[in-house]
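Only this structure's heavy atoms are used, side chains among them; waters, hydrogens and symmetry mates stay out.
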Amino acid sequence: QAHVAESGGGSMQAGGSLRLSCTPSGYISDNKYMGWFRQVPGKEREGVAAIVGGATFTATSVKGRFTISQDSAKTTVYLLMNNLKPEDTAMYYCVAAWRPGLWNLVSSWEVWGQGTQVTVSS
């Protein structure tokens, strides 16, 4: 069974940086399809960034501040978050196993991690 595990969350003051990591395990057919979502209590999950077949996508709300990347072995996926804002506070989820569709739809991803909390204070 396929899994992904996130790490790197924590608390940070506004303007700071954090880097999240996601490592897949088990059977995931293609590691070139992985991404990040986030969720605030009471709101729907929001697509943050994804790597889809070599192309990268980033949500407008974080463009210019967040960068998704993957190591050369095509295993661990990173989300570098710079210039953090209080509105970036959320649970961040790593996703894998893309079903062809819009990258920022929850239904486009089959495998979800447990999440890692990011809290940004002003």
ask   = Does the Q70 side chain pair with the main chain of N31, one donor and one acceptor, at a distance under 3.5 Å?
value = yes
request  = Please report the closest heavy-atom contact between W103 and A49, naming both atoms and the distance.
outcome  = CZ3-N, 3.4 Å
remark   = Nearest heavy-atom contact between P86 and S122 is CG-CB, 3.9 Å
ask   = Looking at side-chain heavy atoms only, is the closest gap between V48 and L79 below 4.5 Å?
value = yes
ask   = Is a side-chain N or O of E6 found less than 3.5 angstrom from the main chain of Y93, in a donor-acceptor match?
value = no
Check: W98 and E110 side chains under 4.5 Å, non-hydrogen atoms = no
task = Report yes if the side chains of M12 and M81 come closer than 4.5 Å at any heavy-atom pair, otherwise no.
result = no
Value rounded to 0.5 Å, distance of NZ in K85 from OG in S121 = 15.5 Å
ask   = With no hydrogens and no angle check, do the side chains of S61 and E87 hold a donor and an acceptor under 3.5 Å apart?
value = no
ask   = Which pair of non-hydrogen atoms, one from C22 and one from V4, has the smallest distance, and what is that distance?
value = SG-CB, 3.6 Å
Atom CD of Q114: over 12 foreign heavy atoms under 6.0 Å = no
message = For V120, is there any backbone N or O sitting under 3.5 Å from a side-chain donor or acceptor partner on T89?
response = yes
query = Measuring from R38:CZ to Q117:CD, what's the distance to the nearest 0.5 Å?
reply = 11.5 Å
Test side-chain contact (heavy atoms from CB on, under 4.5 Å) applied to F66 and N82, step by step = CA-CA 6 Å; F66 290 13; N82 292 324; over 6 Å; no
query = For the residue pair S69 and I51, what are the closest heavy atoms and their distance?
reply = C-CD1, 3.9 Å
key: side-chain contact (heavy atoms from CB on, under 4.5 Å) between D88 and R65, worked out   = CA-CA 11 Å; D88 295 320; R65 300 188 297 120; 2.7 Å; yes
ask   = Is the shortest heavy-atom distance from the side chain of L20 to the side chain of V118 under 4.5 Å?
value = yes
query = Are any of the side-chain heavy atoms of I68 and M34 separated by less than 4.5 Å?
reply = no
task = Hey, can you tell me if F37 and W109 have their rings parallel, tilted or perpendicular (30° and 60° cut-offs)?
result = perpendicular
message = Restricting to non-hydrogen atoms, name the atom on T116 and the atom on S7 that form the minimum distance, rounded to 0.1 Å.
response = OG1-C, 4.5 Å
query = Between T119 (side chain) and S11 (backbone), is there a donor-acceptor pair under 3.5 Å?
reply = no
key: Non-hydrogen side-chain atoms of W36 and V77 separated by less than 4.5 Å   = yes
pair L84-L18: side-chain heavy atoms closer than 4.5 Å = yes
ask   = Taking the six-membered ring of W112, is the NZ or CZ of R45 close enough (under 6.0 Å from the centre) and on axis enough (within 45°)?
value = yes
Check: R19/Y78 side-chain N/O donor and acceptor closer than 3.5 Å = no
key: Shared hydrophobic cluster, V95 / F57 (ILVMFWY, side-chain heavy atoms < 4.5 Å)   = yes
task = Share the residues that join L102 in a hydrophobic cluster, the rule being Ile, Leu, Val, Met, Phe, Trp or Tyr side chains under 4.5 Å apart at the heavy-atom level.
result = L105
request  = Work out which heavy atom in A90 is nearest to a heavy atom in V40; give both atom names and the distance.
outcome  = CB-CG2, 3.9 Å
